[in-house]
Amino acid sequence: MENYEAFLGFDLCKVPLSSAAQKIMSAVHSGDSVESKNWRESEKTAEVVNNSRIKYSVLLENGKNQSLEKRNLNSSTSQTSGSSIKLCPPSSSIRLTDQPSADQNQKNVSSLAPPSCFIPQRNPEASVLQKTESKRTHFLKENKNNEKREMPVNLKRKHGACHFSGKTNKHVALEENADEVEAHLNCGNARACENHFCDVRYLDDLEKSQLVEMLKQAVAVVVTLMYEDGSTQLRAEQALFPSVKGIAVLLQSRVDSSGPLDVSASDSVLGEGSTLRDQYIYLQTEHSSTGGQEQEAYNQFARKVLFQMLKCKCPVVCFNAKDFVRTVLQFFGKDGSWKHVVHFIGLDPRIAAWLIDPGDAAPSFEDLVAKYLESSISVKVNCTYGNSSRNVVNQNVRVNLKILHKLMTGLCSQLKVYGLWQLFCTLELPLIPVLAVMESHSFQVNREEMERTSALLGSRLKELEQEAHFVAGEQFLITSNNQLQEILFGKLKLHLLSPRETLPRTGLQRLPSTSESVLSAVQDLHPLPKIILEYRRVHKTKSAFVDGLLACMRKGSISSTWNQTGTVTGRLSARHPNIQGISKHPIQITKPQNVKGTEGTMLTISPRSMFVAPEGHTFLAADFSQIELRILAHLSGDPELLKLFQESERNDVFSILTSQWKDITPECVTRADREQTKKVVYSAVYGAGKERLAACLGVTVQEAARFLESFLQKYKKIKDFVQTTIAQCHQTGYVASITGRRRPLPRVRAQDRQLRAQAERQAVNFVVQGSAADLCKIAMIHVFTAVAASPTLTARLVAQIHDELLFEVEDSQIPEFAALVRGTMESLQNVPALELQLQVPLKVSLSAGHTWGHLVPLQEAPRPSDQPTSC
DNA sequence: CGGCTAAGTCTAAGG
DNA sequence: TCCTTAGACTTA
């Protein structure tokens, strides 16, 4: 079977993008003799494992067939056909929690080594897997017993003695108030701390240093945020602004029998000179008001623990790790620079699951457990103080932390099966702190000005509405497309008067839609369409970019939430507000009558200008120019297209293309021309029909067809690329980007021609758009880490608009930072570590300004060829 | 009858 | 019958 990388003609071995990722990778791979550094070999391994998985899944198949197409009917179905994704528990995970395995590699238990669960399973024998299964059930029984044992009579006490790390100390259950300490009777038991949360607040100095030591030696750390009501990040529905109370931690450490952290042999798990031990720790992050000196001392220690966690050499598992990082940043407060978190790697099962199945947008912890773990495990996530006792809640959290670890273990081996492991470790995980830092930033916006603008737009809308009613000859709901359709085409019959017969129609009725293209087509026949078009523009601006923004405001500033797993292509998305969708172009409105001042009749409203850099700072935007077209040139290897980029590295390729097909000189191409060309080129590449193209260009269908023909004729290999991609998709049922990101498209084999054709277009689009998204995300990480490595630079990444990175830079640092950004981003043409070498140069254009709406191109390093255009 | 949800439409972004 | 997002709105 030909894989996509072979098809591309280069090896796609991925290597860490950051040193921390490197650490994780080496940690994860240590003790793993077979895991290959070579892509093809690891692919082979994956296939073997894959076979075993399929065999095994047949054994376990319980007939459940989840349909996970909640989000987007157009997108892929969540599972590849035939084989269930439900995975077998990796044999190695058993060792962790239950018994030693005969083939355990000693290296696995060195202090740097990862938990054995992170070594990919590779035993294809079903019989072995069955054995594994029996061990697993044994473990589950054992675990149940533990749980029974751990629920003793609960008595209130002031400070009960128990063991922590083998020393006598206070044991404290997870508590709300410092003065009311709940302790358990079983404190003499050496296992006590494995059965309860140790609240860091009540540790003495010795215990504190032991804790830090244990963190350093930990084999695995599993964390989850705890909220006010006792729920955690694992619960299904998150409150809008949950208030975080603390962090629950499962610390899995290796204990040598001979080591300093010796514990009684009775709790030995492995029994072979070393044991794995679970300890549960609770770290309060909510600042209590009573505090004073004691509180300050605690905070200091808590910070130390968190710092230790951030630079943990072992895997840190967290569901929605970004929220954890943001909480940590918050806790650090003023004295913690965002640079502290750059190298944090948190294994996030949601991201892992998304890589495996990007069509499954936001599965809850529960969903993932159901999908990726055996059905015998069920989780209770909605256990809160409101509906359960404190003890039950805490026990529930502990159990869930264990399950979370197991889930991540399983997902890791799945990632390897699909060849997504490197992508996960070197791209997606390092991105988490970057996004957390972006979310910790907020934009200042001028509320008064926005409110004035809102009122202004409101008046203008009223005027437009009245005009519309007047010219329509009746009152109607101007925002209702149905009513509008009835008036335009039912009453006025504009579609019959239209010179163009082929107005796009809404499927069910015979009448055309009220979309922009239709209204533009008939705008000369009647005044109404123009009024509607303006109304819609103004309305959009008001509701989304002014009122919508105001609604997102917290304390005079706004901050988006970034979603790493919200798209099928690997792009990021943003919400509240969707900063990626804020209009670039200002709109002009005629000044409403009731507004005072008569200087001018027109007003300009520029949504992006609402974003203002703080005093002494400037926004700097770095754009990848024509990123997708360059990717396409690289992927297709089309000589003409390549030449275009290689020769005219400093020219605007879209202008050249425009001049070529419109037969004018490049200097005379207007911005609108250029935008049109852009649209046309991408439409053509991604498979638009000639009709659609004609509508887009505003020309006849024949002309559009002629253009399509000549374009694909001139750049012949584009067609080859499209065909090869589709063929590959048919063969394997999925497509992959340059980093190996996958998009399953089972519908490519559908009976329905329409569905099939759609999947084929999606396949082509994904390979290019997804690859561009990969590059943009790599750029974010690289620039981010480069700034963090600089002792002087303070530039901060504040937003990503797909191909554009927006930074807030101290005025004095602009030249230095501009050079760094350009250098870093353009150097991504070659990422030797990724064995990624594009055949085209990457071009970055920089612009800067005090508001986001007024960015002017930054003077590049002077070049002789630079000259202003004269048109 | 008013709130609620789900689906459809439209427009902003990005390529 | 270019693709992929978020968001606001209507309709049923």
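Side-chain atoms of A:Arg460 and A:Thr590 form a donor-acceptor pair, as typed in the model, at a separation below 3.5 Å.
At a threshold of 4.0 Å, the pair A:Glu709-A:Lys690 does not count as salt-bridged, since none of the basic side-chain nitrogens sits closer than that to a carboxylate oxygen. We find that A:Glu675 and A:Arg671 are not joined by a salt bridge, their nearest charged nitrogen and carboxylate oxygen being 4.0 Å or further apart.
Looking at residues two or more places apart in sequence or on another chain, you find no ring-ring contact (aromatic ring centres under 6.0 Å, His included) involving A:Trp354. For the salt bridge (Lys or Arg N to Asp or Glu O under 4.0 Å) test, no residue two or more places apart in sequence or in another chain qualifies with A:Arg350. In this structure A:Val840 satisfies the side-chain contact (heavy atoms from CB on, under 4.5 Å) test together with A:Arg630, A:Ala633, A:His634, A:Leu642, A:Phe645, A:Leu838, sequence neighbours excluded. With sequence neighbours excluded, the residues forming a side-chain contact (heavy atoms from CB on, under 4.5 Å) with A:Lys714 are A:Glu640, A:Gln660, listed by chain and number. Taking the side chain to side chain donor-acceptor pair (under 3.5 Å) definition, one finds that A:Asp323 meets it with A:Arg326, sequence neighbours left out.
Judged by distance alone with a 3.5 Å cut-off, no donor-acceptor contact links the side chain of A:Gln762 to the base of C:dC3.
Across all strands shown, A:Ala574 has heavy atoms under 4.0 Å from sugar-phosphate atoms exclusively, and none from any base. Here A:Arg608 lies in heavy-atom contact (under 4.0 Å) with sugar-phosphate atoms only. Across all strands, A:Glu516 comes closer than 4.0 Å only to sugar-phosphate atoms, never to a base (heavy-atom distances). A:Arg571 comes within 4.0 angstrom of a base, heavy atoms only. Within the 4.0 angstrom heavy-atom criterion, no nucleotide atom of any strand lies near A:Leu693. Nucleic acid contact class of A:Gln580 (heavy atoms, under 4.0 Å, all strands): sugar-phosphate only.
The phosphate of C:dT5 (OP1 or OP2) has no side-chain N or O of A:Thr567 nearer than 4.0 angstrom. Here A:Lys678 does not reach the OP1 or OP2 of B:dG14: none of its side-chain N or O atoms lies under 4.0 Å away. Proximity of A:Ser515 to the phosphate of B:dT9: no side-chain N or O atom is located under 4.0 Å from OP1 or OP2.
Atom CZ of A:Phe766 is separated from atom P of C:dT4 by 11 Å (rounded to the nearest Å). Following rounding to the nearest Å, A:Lys584 (NZ) and C:dA6 (P) show an atom-to-atom distance of 20 Å. At whole-Å resolution of the value, NZ in A:Lys540 and C1' in C:dT10 are 15 Å apart. Atom CZ of A:Arg536 is separated from atom P of B:dT9 by 13 Å (rounded to the nearest Å). What separates CD of A:Glu628 from P of C:dT5 is a distance of 13 Å, to the nearest Å. Protein atom CG of A:Leu477 is 18 Å distant from nucleotide atom P of C:dA8, rounded to whole Å. What separates CZ of A:Phe476 from C1' of C:dT10 is a distance of 14 Å, to the nearest Å. Between the C1' atom of B:dG15 and the CG atom of A:Leu635 lies a distance of 14 Å, rounded to the nearest Å.
Counting only heavy atoms from C-beta on, A:Arg692 has its side chain closest to C:dC2 among C:dT1, C:dC2, C:dG7. Of the candidates C:dG7, C:dC3, B:dG14, B:dG14 carries the atom nearest the A:Ile801 side chain, counting heavy atoms from C-beta on. Proximity note for A:Tyr682 (side chain, C-beta onward) versus B:dG14, C:dG7, B:dG15: the nearest is B:dG15. With B:dT9, B:dG15, C:dC9 as the candidates, the nucleotide lying closest to the side chain of A:Asp803 is B:dG15. Side-chain atoms of A:Arg575 lie closest to C:dA6 of the nucleotides C:dT4, C:dT11, C:dA6. Of all nucleotides listed (B:dC10, B:dG15, C:dT1), B:dC10 comes nearest to the side chain of A:Asn481. Proximity note for A:Val568 (side chain, C-beta onward) versus C:dT4, C:dC2, B:dA12: the nearest is C:dT4. Distance from the side chain of A:Ser480 is smallest for C:dT10 among the nucleotides C:dT10, B:dG14, C:dA8. Residue A:His585 places its side chain closer to B:dA13 than to any other of B:dA13, C:dA6, C:dC3. Of the candidates C:dT4, C:dT1, B:dA12, the closest approach to any side-chain atom of A:Arg537 belongs to B:dA12.
Here the separation of C:dG7 from B:dG2, taken at their C1' atoms, is 24 Å to the nearest Å. Nucleotides C:dT1 and B:dA12 are separated by 23 Å at their C1' atoms, to the nearest Å.
Between A:Phe619 and A:Phe443, the ring planes lie tilted relative to each other; the angle falls in the 30° to 60° range.
Among the duplex regions that DNA chain B forms, those built from at least three successive Watson-Crick or G-U pairs under 3.5 Å are B:5-15 with C:2-12, ordered by first number.
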